[in-house]
Visitor: 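Here you go, one structure.
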Amino acid sequence: SWKIRDTQPSSRCNEIITGTAHAEAIMFDKIVQHLPQALFHKKVLATFKGASDADLFCKYFGFTPSEEQPFEVYRDAFRFLLTVLIFHFPSLRLAETFGGKSYMYHFEEPSPYEGPSFGLPVHGQCAVFVYNNDREFWPEPARKVSLEMMKKWTGFAYGKEPWEVYPAEKRFMRFGPKGECGLRNFEDDETRNYGYLNWLREHIDEANGLLYSLW
């Protein structure tokens with residue numbers, strides 16, 4: 001029942017780790033094949049009453065409503081939009097409003113698996129890395145990230161603080177790419193596009209309304 005604008009209610013959880021992978025919404029790529037761009041553009045205009053907000057929405061998420069985009073470009077913009085609305089922004093709000101201690105991470109190590117996910121940090125991969133699944137088949141940077149995550153999650157389970165609490169200094173732990181692990185903030189993290197962030201805080205209800213209209 002938690003609303004994204006609200007503060008988290010008290011619960012039995014005193015500390016949590018919350019985070020996201022870079023490309024969470026790759027699982028929804030099929031939707032794009034059945035959603036013509038013209039129809040999506042109409043939904044955008046119907047959702048954001050002001051033309052300027054519709055334009056800003058398209059700018060921040062990579063759409064060009066005045067012309068047809070190549071399919072791959074449209075797919076990637078749509079994937080980015082769903083990744084932000086369903087995963088990235090809710091995870092950030094959870095870290096910001098949790099009543100206890102929250103520790104936020106971003107997972108950025110590319111997938112070593114062949115297929116559509118290859119080369120992308122995708123949904124669920126961070127859990128695979130925590131458990132060291134298939135570690136012997138991974139390249140060295142992926143092994144390094146996996147070992148670091150395993151240490152931090154195991155330590156957390158035994159009461160050790162994994163990294164600094166969010167939002168103190170507003171920094172999060174970034175796992176990858178290239179095997180690198182360390183604290184970052186939104187200003188010095190070059191792996192994700194955060195241009196939408198301030199705008200979305202003011203327009204999350206409209207954006208979620210657009211999201212619900214797609215199903």
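All heavy atoms count here, side chains included; hydrogens, waters and symmetry mates do not. A quick note: this is a predicted structure, and the numbers were derived from the prediction, not measured.
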Visitor: Of the options Lys170, Arg201, Arg5, which is the one that meets Glu96 in a salt bridge (charged side-chain N to carboxylate O under 4.0 Å, His left out)?
Guide: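 Testing Glu96 for a salt bridge (charged side-chain N to carboxylate O under 4.0 Å, His left out) against Lys170, Arg201, Arg5 leaves exactly one candidate, Arg201.
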Visitor: Parallel, tilted or perpendicular: which one describes the rings of Phe78 and Phe63, with boundaries at 30° and 60°?
Guide: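 Perpendicular.
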Visitor: Cut-off 3.5 Å, side chains only: do Thr18 and Ser91 have a donor facing an acceptor?
Guide: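 Ser91 and Thr18 do have a side-chain donor-acceptor pair below 3.5 Å.
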Visitor: Would you check if there is a donor-acceptor pair between the side chains of Arg192 and Thr20 at a distance under 3.5 Å?
Guide: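 A pair is found: one side chain offers a donor N or O, the other an acceptor, under 3.5 Å apart.
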Visitor: If the threshold is 4.0 Å, N to carboxylate O, is there a salt bridge linking Lys152 and Glu148?
Guide: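 The answer is yes: the pair qualifies as a salt bridge.
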Visitor: For Trp138 and Val128, run side chain to side chain contact (heavy atoms under 4.5 Å, CB included): C-alpha distance rounded to whole Å, both residues' side-chain angles, the deciding distance at 0.1 Å, then the answer.
Guide: CA-CA 12 Å; Trp138 297 337; Val128 176; 3.8 Å; yes
Visitor: Would you check, one step at a time, whether the test side chain to side chain contact (heavy atoms under 4.5 Å, CB included) holds for Met150 with Val130?
Guide: CA-CA 5 Å; Met150 181 187 68; Val130 167; 5.6 Å; no
Visitor: Say whether Tyr194 and Asp189, considering side chains only, have a donor N or O and an acceptor N or O under 3.5 Å apart.
Guide: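 Indeed, the side chains of Tyr194 and Asp189 share at least one donor-acceptor pair under 3.5 Å.
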Visitor: For Tyr196 and Phe89, run ring pair (Phe, Tyr, Trp, His ring centres under 6.0 Å): C-alpha distance rounded to whole Å, both residues' side-chain angles, the deciding distance at 0.1 Å, then the answer.
Guide: CA-CA 10 Å; Tyr196 64 85; Phe89 191 69; 7.3 Å; no
Visitor: Classify the angle between the aromatic ring planes of Phe175 and Tyr105 as parallel (below 30°), tilted (30 to 60°) or perpendicular (above 60°).
Guide: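 Phe175 vs Tyr105 ring planes: perpendicular.
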Visitor: If you take the centroid of each ring, where Trp contributes its six-membered ring, are Tyr103 and Phe172 closer together than 6.0 Å?
Guide: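 No - the distance between ring centres of Phe172 and Tyr103 does not fall below the 6.0 Å cut-off.
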Visitor: Under the side chain to side chain contact (heavy atoms under 4.5 Å, CB included) rule, what do Arg79 and Leu120 come out as? Steps first, then yes or no, please.
Guide: CA-CA 12 Å; Arg79 182 189 294 171; Leu120 294 171; 3.6 Å; yes
Visitor: Is it the case that the ring center of Trp163 lies less than 6.0 angstrom away from the ring center of Phe156?
Guide: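 No, they do not, as the ring centres are separated by 6.0 Å or more.
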